[in-house]
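Since the structure comes first, as structure tokens, the remarks are kept for the end.
Naming: A, B, ... by sequence-line order, numbering from 1 per chain.
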There are 2 protein chains.
Amino acid sequence: MTVTFKDVKADLLDKIAQGIMAPGTLMPNEMDLAERYGCARATVNRAMRELADEGIVERKRKAGTRVRKAPIRQARFSIPIVREEIESKGSEYRYALIDRTLQDVPDWLRGRLALKPGQEVVRVVCMHWADGIPYQHEERWINPEIVPAVLEADFSANGPNEWLLAEVPFSNAEISFMAVEATQDLADHMGCFAGNALFRTERTTWLKETAITFVRLTYRRGHRMTTRY
Amino acid sequence: MTVTFKDVKADLLDKIAQGIMAPGTLMPNEMDLAERYGCARATVNRAMRELADEGIVERKRKAGTRVRKAPIRQARFSIPIVREEIESKGSEYRYALIDRTLQDVPDWLRGRLALKPGQEVVRVVCMHWADGIPYQHEERWINPEIVPAVLEADFSANGPNEWLLAEVPFSNAEISFMAVEATQDLADHMGCFAGNALFRTERTTWLKETAITFVRLTYRRGHRMTTRY
DNA sequence: AAGTGGTCTAGACCACGAC
DNA sequence: TCGTGGTCTAGACCACTTA
């Protein structure tokens, strides 16, 4: 059996985890490792590159590869579509549109989306339920310049999230997580009390350099967002 | 100039973003693309593999590569050390130990850490300030079986986080984000009112299959955790 | 100046899985 | 069955960065 990059990676990881290669240690260069493992340099390169991508080691030309003293601990979150999130738990998904208006972009949002004063945006407010229990409150603003079809879109049956995913192929985004105290209005929708702590995510989505949408997702009381890394 | 995998990747991304390759589209196979771009198949492979890693496309042997209908939107968070987080904002970092005890593992934690009843754990409570303002409250339990040195460790000058990072080289973890209402005790420490909504992360860290530590980090009111993707 | 990683190439073999 | 991606190889050139 030939030595694969996964073999090399696993062995290096093991040596790091066992403390044989302590944080700060300078690792052998690719050529030496290739010889030691009996494989090509490209194989070692792939293994070490992945370790670097994962923040375990740090690579510099000429300086070599070192085990990171303080590994960059990074978590990867997949941002699910709420329908799938609910249905994957075996719950019944329900959706309702609360409000849909065309309005001048509010000042606080103008900066975020880099829009001109007086420009119009579509604001959509809706709710998502799991087994009839409030799950998530969604408040969204959409820039109709990029997605003109939003002016015709009817969000009474399906949420704007799924609609946008189908309409806009690919985008980059900025996302924030925070805790908020429920307003009376939010509390009414979420079936909790005003002032209760709720978990919220805010996301601004861009296509190239122009903002498409800003969304505020507020989850029911006690919601946790979890991941492994 | 030769064609690099970044060139290929950027061009493919562009075609996807422009809708030339719409979601669901079957992309040409690696050999054809290599010929079209005038490069080796390995170059195309690297470009497409990275697109797959980022959740933009989906690859299956024999079936080929498709643009994902619903791209896996995933965010990468780097989990910073509090001290660095604060100092990188140009603020002055301050730390204080609140409590340090050796106690029987509480029932609710036993399951999380997979410990035996009656086993002892070290509990550390401490605070982190930025410019003298409460920034983060830390409550941590450490398994002394894995890190016996914790029994001798004195956390009066430095937080257990940095200490653990130096002691335990590498680990995997599960992390959760949530919103909580401040208890009176928390409120006293954080300089807010009981009931205020606070952002909290909880993290369980493992070395191989054994739990090292469970930590509960509660941030000051209004804190946001932000990332781009 | 010189060593290290970054990448490309051309060819090869193989495993998966759709047909 | 057989096309597609997954990976390895051996060699090469280059860019960065530090000594």
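Of the candidate nucleotides C:dG5, D:dA10, C:dC8, C:dG5 has the atom lying nearest to any side-chain atom of A:Arg59. Of the candidate nucleotides D:dC8, C:dT7, C:dT9, D:dC8 has the atom nearest to the side chain of A:Thr2.
Computed from coordinates, the B:Glu30 CD to C:dA12 P distance equals 17 Å when rounded to whole Å. Computed from coordinates, the B:Phe5 CZ to D:dG5 C1' distance equals 18 Å when rounded to whole Å. For the pair A:Glu50 CD and C:dG5 P, the computed distance is 17 Å after rounding to whole Å. Between B:Asn45 atom CG and D:dT7 atom P there is a gap of 8 Å when expressed in whole angstrom units. We find that CZ of A:Arg41 is positioned 9 Å from P of C:dG6, with the value rounded to whole Å. If you measure from atom CD of B:Glu35 to atom P of C:dT9, you get 14 Å, rounded to the nearest angstrom. In this structure, B:Asn29 atom CG and D:dG6 atom P are separated by 12 Å, rounded to whole Å. Taking atom NZ on A:Lys9 and atom P on D:dG6, their separation rounds to 15 Å, with Å as the unit.
A donor-acceptor pair under 3.5 Å is absent between the side-chain atoms of A:Asp11 and the main chain of A:Val8, judged by distance alone. In terms of modelled atom types and a separation under 3.5 Å, the side chain of B:Asp131 and the main chain of B:Glu92 share a donor-acceptor contact.
Checking A:Gln136 against A:Tyr219 by side-chain atom types alone, a donor-acceptor pair falls below 3.5 Å.
Between B:Thr43 and C:dT7 there is no side-chain N or O to OP1 or OP2 distance below 4.0 Å. Distances shown here put a side-chain N or O of A:Arg46 below 4.0 Å from the OP1 or OP2 atom of D:dT7.
Comment: B:Glu174 does not engage B:Arg112 in a salt bridge, judged by the lack of any side-chain N to carboxylate O separation of less than 4.0 angstrom. A salt bridge does not link A:Arg200 to A:Glu139: none of the charged nitrogens lies less than 4.0 Å from a carboxylate oxygen.
Across B:Leu26 and B:Ala63, no two heavy atoms sit closer than the pair CD1-O, 3.4 Å.
Position along DNA chain C of the nearest nucleotide to A:Met31 versus B:Cys39 favours A:Met31 as the more 5'-ward residue.
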Nucleotide N/O to protein N/O under 3.5 Å, stretch nucleotides 16-18 of chain C:
none

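Within the cation-pi definition used here (under 6.0 Å to the ring centroid, within 45° of the axis), A:Arg100 does not qualify as a partner of A:Phe155.
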